[in-house]
Amino acid sequence: MTARRLHVLVVDDSAVVREAMTLVLSSVPGVIVTTAADPIIARRKIAADRPDVILLDLEMPREDGLHFLRELIATDPIPVVICSSHTTAGSNVALEALREGAIDVVAKPRFGVREFVRESAILIVDAVRAAARARVHTRGGWRVDPQPARTADRAVPAGTPSSRMVAIAASTGGPQALREVLSTLPANMPGIVVVQHMPAGFTNAFARHLDRECEIAVKEAENGDLIIDGRVLIAPGDQHLAVVRRNGRLAVEVLGGPLVMRHRPSADLLFRSTARVAGAAAMGVIMTGMGDDGADALCAMRNAGAPTIAQDEASCIVFGMPREAILRGGATRVAPLGAIAPLIAHWAREGELRDAPRKSQANHTH
């Protein structure tokens with residue numbers, strides 16, 4: 001059976017980046033790559049042969065990528081993956097692009113084609129494949145304008161060490177989904193630890209934006225951070241995050257090392273360490289994303305006595321990671337995105353969550 005053609009349009013004013021992306025993507029069977037140096041050329045190419053996915057730079061001289069993205073989402077919502085620099089300004093604009101409807105963000109190559117390492121190629125190819133399967137949503141994220149200053153009590157959590165914790169993992173579509181869940185939770189929650197598949201340099205800006213929108217405090221995790229009530233720790237991009245005990249208290253360890261389940265940070269590593277260290281005193285949540293990172297490890301959490309939630313198909317941008325977790329029996333509950341925060345809050349308050357069958361049906365892929 002012939003594999004379905006996947007047409008990717010790379011829009012970037014850098015000839016080096018266009019060459020690197022073409023080299024990486026065209027090496028995948030069934031992938032056809034075309035390029036454009038700016039959105040003006042891109043529009044002509046889209047009219048001649050509509051691509052399945054657009055890999056889009058945001059900073060271009062004749063027209064900025066954000067303006068092009070907004071127009072595209074409003075008129076012809078082709079899935080868009082943002083290719084952005086690691087700078088603070090680049091990270092902020094990339095987050096704005098996710099708010100406007102982009103599917104994912106990958107880091108712009110910082111070196112030439114020859115230095116374009118294998119791991120980067122894996123992550124870019126996976127992001128493009130996930131975008132091809134994604135539902136395009138518009139304006140699903142956070143505000144990036146300055147927010148009113150918080151009180152001192154809000155800005156500095158009380159710091160009570162958590163006796164219970166929540167571990168959450170997401171990939172494609174995750175920034176929007178996490179914003180919806182975390183912004184709905186009250187401040188008096190057990191500590192929460194999050195793995196979101198995102199490049200280095202972007203998670204710090206992501207955590208800061210979430211912190212401005214949420215009652216619960218949010219920060220990028222640092223090695224040795226305690227898991228404390230009223231605070232969310234976001235795994236740093238391109239670093240694994242594991243749950244450990246230090247002097248009897250729940251804490252996190254930031255780790256390097258190779259990709260796990262094709263990702264760094266990896267949901268699998270977070271969930272397995274949580275199952276081992278926290279057991280039934282934890283809750284696991286797996287949300288939108290392609291692939292199976294975290295699916296088996298969510299089963300390990302459930303087997304350790306933890307309640308576990310998988311996001312349902314209808315509310316996922318990509319129903320991959322939750323689907324695999326459901327099929328493997330890892331989900332105590334399957335819930336729409338809007339119900340996840342209430343379920344977490346109920347567990348935090350009552351200490352229980354009703355079980356679902358060990359196996360569930362999830363017959364569709366998106």
Side-chain angles (χ1 to χ4, degrees), residues 150-151 153-170 174 177-196 207 210-211 213-219 221 225-235 241-245 248-252 267 270-288 294 297-312 315 322 325 330-356:
R150 298 173 296 164
T151 65
D153 287 343
R154 166 63 184 84
V156 182
T160 304
S162 295
S163 58
R164 294 185 295 161
M165 61 163 290
V166 181
I168 303 177
L178 283 166
R179 184 262 180 183
E180 181 165 338
V181 169
L182 297 178
S183 66
T184 310
L185 290 173
N188 60 339
M189 295 295 299
I192 299 173
V193 181
V194 174
V195 157
Q196 164 64 48
L210 285 173
D211 187 60
E213 292 230 337
C214 298
E215 287 297 317
I216 194 168
V218 184
K219 72 180 288 283
D225 273 342
L226 291 178
I227 299 173
I228 62 175
D229 292 348
R231 186 170 73 178
V232 180
L233 298 175
I234 305 286
L241 197 66
V243 175
V244 297
R245 282 198 183 270
R249 297 179 175 182
L250 293 170
V252 295
L270 172 64
F271 286 162
R272 287 193 188 281
S273 63
T274 303
R276 182 175 62 252
V277 172
M283 167 182 273
V285 181
I286 194 165
M287 302 202 299
T288 177
L298 196 71
C299 295
M301 285 192 67
R302 184 172 184 177
N303 290 338
T308 53
I309 301 170
Q311 186 179 347
D312 75 351
S315 64
T332 303
R333 294 287 294 271
V334 179
L337 181 60
I340 291 176
L343 285 170
I344 295 172
H346 175 83
W347 174 77
R349 185 176 61 251
E350 305 294 337
E352 57 85 24
L353 200 65
R354 289 193 301 273
D355 275 355

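Keep in mind that the numbers below use all heavy atoms, side chains included, and drop hydrogens, waters and symmetry copies. This structure is a prediction, so every number in the text was calculated from the model and none was measured.
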Notebook entry, point to check: Of the non-hydrogen atoms in Ile168 and Leu270, which two are nearest, and what is the gap between them?
Noted result: O-CD2, 3.8 Å
Checklist line | Side-chain donor or acceptor of Arg231 paired with backbone N/O of Leu226 under 3.5 Å | finding: yes
Next item on the list: Grab the two heavy atoms, one from Pro307 and one from Ala282, that are nearest each other, plus how far apart they are.
Entry: CD-O, 3.2 Å
Next item on the list: Supply the atom-to-atom distance Leu241 CG to Gln196 CD, rounded to the nearest 0.5 angstrom.
Entry: 13.0 Å
Next item on the list: Report yes if some heavy atom in the side chain of Val166 is under 4.5 Å from a heavy atom in the side chain of Val285; otherwise report no.
Entry: yes
Next item on the list: Would you kindly check if the NZ (Lys) or CZ (Arg) of Arg333 is within the cone defined by 45 degrees around the ring axis of Trp347 and under 6.0 Å from the six-membered ring centre?
Entry: no
Next item on the list: Report yes or no: does Thr308 contribute a side-chain atom to a donor-acceptor pair with the main-chain N or O of Thr332 at less than 3.5 Å?
Entry: yes
Next item on the list: Grab the two heavy atoms, one from Ala331 and one from Arg302, that are nearest each other, plus how far apart they are.
Entry: O-NH1, 2.8 Å
Check: Which heavy-atom pair separates Pro190 from Ala348 by the least distance, and what is that distance?
Finding: CD-CB, 3.5 Å
Check: Taking all non-hydrogen atoms of both residues, which atom of Phe271 and which atom of Ala167 are closest, and how far apart?
Finding: CE2-O, 3.6 Å
Next item on the list: Verify side-chain contact (heavy atoms from CB on, under 4.5 Å) between Val232 and Ile234, making sure each step is shown before the conclusion.
Entry: CA-CA 6 Å; Val232 180; Ile234 305 286; 4.0 Å; yes
Checklist line | side chain to side chain contact (heavy atoms under 4.5 Å, CB included), paired with Ile192, selected from Ile216, Asp229, Val218 | finding: Ile216
Notebook entry, point to check: Looking only at heavy atoms, what is the nearest atom pair of Glu180 and Gly338, with distance?
Noted result: OE2-CA, 3.8 Å
Checklist line | More than 12 heavy atoms from other groups under 6.0 Å of CZ on Arg349 | finding: yes
Notebook entry, point to check: Does the side chain of Val193 come within less than 4.5 Å of Ile227's, by heavy atoms?
Noted result: yes
Note to self: I'd like to know if the side chain of Asn303 reaches the main chain of Cys299, judged simply by a donor and an acceptor atom lying under 3.5 Å from each other, with no hydrogens or angles considered.
What the structure shows: yes
Check: Is the side chain of Arg179 donor-acceptor paired with the backbone N or O of Leu210 at a distance under 3.5 Å, no angle test?
Finding: no
Item checked: Euclidean distance, Thr274 OG1 relative to Met283 CE, rounded to 0.5 Å -> 13.0 Å
Item checked: Whether Asp312 side chain and Ser315 backbone form a donor-acceptor pair below 3.5 Å -> yes
Next item on the list: Check step by step if side-chain contact (heavy atoms from CB on, under 4.5 Å) holds for Arg164 and Leu250.
Entry: CA-CA 9 Å; Arg164 294 185 295 161; Leu250 293 170; over 6 Å; no
Note to self: Nearest 0.5 Å, please: how far is CG in Leu337 from OG1 in Thr288?
What the structure shows: 9.0 Å
Note to self: Quick check for you: to the nearest 0.5 Å, what is the distance between Leu233 atom CG and Met165 atom CE?
What the structure shows: 9.0 Å
Notebook entry, point to check: CD1/Ile340 to CG/Leu178 distance, rounded to the nearest 0.5 angstrom?
Noted result: 9.5 Å
Margin query: To the closest 0.5 Å, what do you measure between CD1 (Ile309) and CE (Met287)?
Written below: 10.0 Å
